[in-house]
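The next block holds one structure in the form of structure tokens; read it before the comments.
Treat the numbers as computed from the prediction; the structure is a model and nothing was measured.
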Amino acid sequence: MFWPESDEKQALGNLRNVIHSLRQMLPEAGSFLLIDNRQIAWNANASYTLDVDLFRDHIKVAEAALEEDRPSSAIENYKIALEYYRGRLLPAFYDNWLERERDRLEREAVQALSSLVGLLKEEGVFEGAISYSKIWIQINELNETCHYALIEAHALQGDRAAALAAYQDCETQLMKELGVEPSDVLKALKQKVLRNEISGVKPASAKEPVAAPLASPSSKTDTEKKRPRLFWKPLLLGIGLSALALWWFATPTGEAAPEDKSIAILPFENRSMLEEDRFFTDGIHGDLLTQISHIGEIKTISRTSVIGYRETNKNLRQIGDELGVSNILEGDVQRAGEQVRINVQLIDAKTDALLWAEGYTRELSAENIFSIQSEIAEEIAAALHAVLSPQERERIEKLPTSNLAALEAYYRGIAEPTSTTGYLQKIEHFERAIELDPEFALAHARLAWVHLKQVWMTSLSIEEQVAESEPLINRALELDPESSAAYDALGLLWRRKDDFEKSEAALLKAIELNPNNDMAHSTYANELGDHGEYEKALRHVLKARELNPYELEYVQQEAQALKNLNRIDEALLLLERAAREHPDSAIIHRRLGLFYQSKGLEEEALIANRKAYAADPGRPQLALVLAKTYSRANAEEEEIFWRERAAELSGETDLDANSRIRLLLLKGELDEADALWWKEKPGGVPGDITLLRMTGRDIDAGQEQRALKRYEEVYPEWLEPDFILEGSDKDDLWLLSEIAGSLKAVGDLDQMNHLLDQLIVKLEALPESNRTLNQGLRAAALWDDKKLVFEIAARKKVLGLVPDGNMFPYFWFNTLREDPEVQAFFAETLAEQESMAERFRAMEAAGELAPIPDVPEN
């Protein structure tokens, strides 16, 4: 067990040496061990306690006290815990299997010291802070953080001379051992001391904390006195260069900011050479990424961004530069019968130096796979000097499932692409994983997430997908209350329900549990963007891209965030570059088409939208995008084709009611469209003016009250005199002008003006685009302001945007419709749209558009 590489004779010799050393270090070992010629066993009848356990117990009590805002109790328990820590665990033993626990206990002691010193400073107990800072330095003498704490504590006490002497000691030690000067942060602290800018007065109430809930070492029971000592005298030297990187201060206030602890885990090599094992190897790789992503101090690059380096010829330094990381992990997996072997090596990407390497051979089981992954994650944390919190350690060591078949089904689900058919396969595999292990929390969370993403991916019903996902999320959180993936899905669920506050709370919890959860950052950015918090949204998009640089959804999301900030040219350059680099990306071409449309580049928009559909021909949403593209050119024949294609692609799931009603209207089936509207009562959808068309027909037929009744059915609160629109969501602005038009038709001008005044204020805060200018054009027409109508239309032309000739027949222009100038203006724009339709058809005939694929069988 302890010496797997040794033969039996050598292993027995090692064991005899261990027993001899143990008896020397622990004279009372005979009371606890039963040793004969055949076995070594623990004496279950012996009375003992372990100081390791007591050390950790008091740390837990201290952490709980901190959460409950009881600093005195936290201080006392940290002190008691540190009395138990006497240095490195069993230092006379040099076997590798002890090193991990030695390092772990030392990190826990350092964390306890850091917390204790900080608390003592806050409480004004500066003498205590000085004492424990010195103990901290004994453990990590080359760590600048503990020296910073000591210097600051002396300064807070008012002893500048002692503070400067402490700085000099640190400087001398660093030069002697490492040949380096103190950091700029430490130098800045020295200058603050010299300028006497740091001082603290011990509060009158400051005193030694009250007794702790657990017994302190000074009152040991007889049983405790008999316990074997597992901690020894502290090692004062020999920490080495690596200790310097354990803690680093970013600002003179003492807030820790570690050195660059960034890592990319390249795709593992499948050593079995069997194609069916590829998903298994990729699954282990993905799970390890997830494990390490839970370590807050380490920036982990997501799987999507590293997968492109599977068979690259690039060197590690180049890969590190491209991904923005300092460290790279390489590995391979070999599955052979009932055995699995995983080899890994951690390399400094800047120097090519090997930091750590290990091979693991175990019996093939889910428990062993996750055990290996946890060990690797902890070894990486140790190599990068990242301190794990107890919560992070617990999450890393948690076993998601003990069912190997369920694990393999989950791996298959993760491996499926994010496309229309890929999502269907993901659902099948995740459902299989849950069937095999009903307590597999992560599978529940991922299945819920896929259902919710299908709303956007395939235009499925929000209500149906929410109903599918909600019990899955509840079950995932019941099984694992600390699941970042489950909270990520919960945030997306509340987003689908239009509850920003609950969505934000869930997404922030997901990020708290896993700061490297790029999907949570992305979803939160979308929420923020929808609510007008554009700067904050961009920050979270950039964080998602930092964690997952090659995820194309985040590229288009960044472009939209830039557009919201009126940085449209930057956004367009970003998308055009991405389109060149990824010519088969539906998501990039789709967003590019929207951008071209917003700038009036309709032909370019059509080209991009056709490429998007060709890249993912099973997605009804992309067919609807093309329908709307042709709608802007009044090309009804083509619009009908693409709407029918969308309906065919939707199959049993069917299109949303807006799309079905619009198709009926185009085909002249007016009564059927009206009946379907009153049955479904759908709301307005941006870019799909179904509700507008229905109300327009009512008003033109002299049924103004019927038109208003439609809005009363769907948006009753908007008709209240005190209604105030919160936020600046563009979908809501679209509705403001629609409802205002119906209000004018029934003669309610006060409520019309109440809505339009809000509309104008919102529009002034948004970048100019085809949509925002069209809303202004509607308002001007409803106010019968011909001059303003022409000013806005002129502004659209300056921006290269074609005025919408098909706006003229609508009720906004009922008063102005007879004006000769207005008639001439819209006759010109209608002619421009007819010309656009002809250009579209010419592009089709000339083969300038991507071919239309056949409808996929699925």
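For the pair Glu527 and Arg495, the salt-bridge criterion is met [side-chain N within less than 4.0 Å of a carboxylate O].
A heavy-atom distance below 4.5 Å is found between the side chains of Lys536 and Tyr524. Taking the side chain as every heavy atom from C-beta outward, Leu507 and His540 never approach each other to under 4.5 Å. Here the side chains of Trp783 and Ile760 are in contact, with some heavy-atom distance below 4.5 Å. Contact check for Lys744 versus Leu749: side-chain heavy atoms found under the 4.5 Å cut-off. Residues Arg619 and Tyr613 have side chains not in contact (no heavy-atom distance under 4.5 Å, counting atoms from C-beta outward). Under the 4.5 Å side-chain criterion, counting only non-hydrogen atoms from C-beta, Asp757 is not in contact with His754.
Because its NZ or CZ atom is not both nearer than 6.0 Å to the ring centre of Tyr423 and within 45° of the ring axis, Lys453 does not count as a cation-pi partner of that residue.
Of the possible donor and acceptor atoms, one in the side chain of Gln557 sits under 3.5 Å from a partner among the backbone N and O of Ser522. Under a 3.5 Å cut-off, the side chain of Ser469 and the backbone N or O of Gln465 do form a donor-acceptor pair.
Side-chain N/O atoms of Arg632 and Gln597 include a donor and acceptor closer than 3.5 Å. No hydrogens or angles considered: nothing links the side chains of Tyr554 and Glu546 as a donor-acceptor pair under 3.5 Å.
Take Glu428 and apply the salt bridge (Lys or Arg N to Asp or Glu O under 4.0 Å) test, not counting sequence neighbours, and it matches no residue. Shown here are the salt bridge (Lys or Arg N to Asp or Glu O under 4.0 Å) partners of Glu638, two or more places apart in sequence or in another chain: Arg841.
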Distance-only donor-acceptor pairs under 3.5 Å for side chains of residues 845-855, two or more places apart:
none

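Each of Val789, Leu788, Leu782 was compared with Leu777 under the side-chain contact (heavy atoms from CB on, under 4.5 Å) criterion, and only Val789 meets it.
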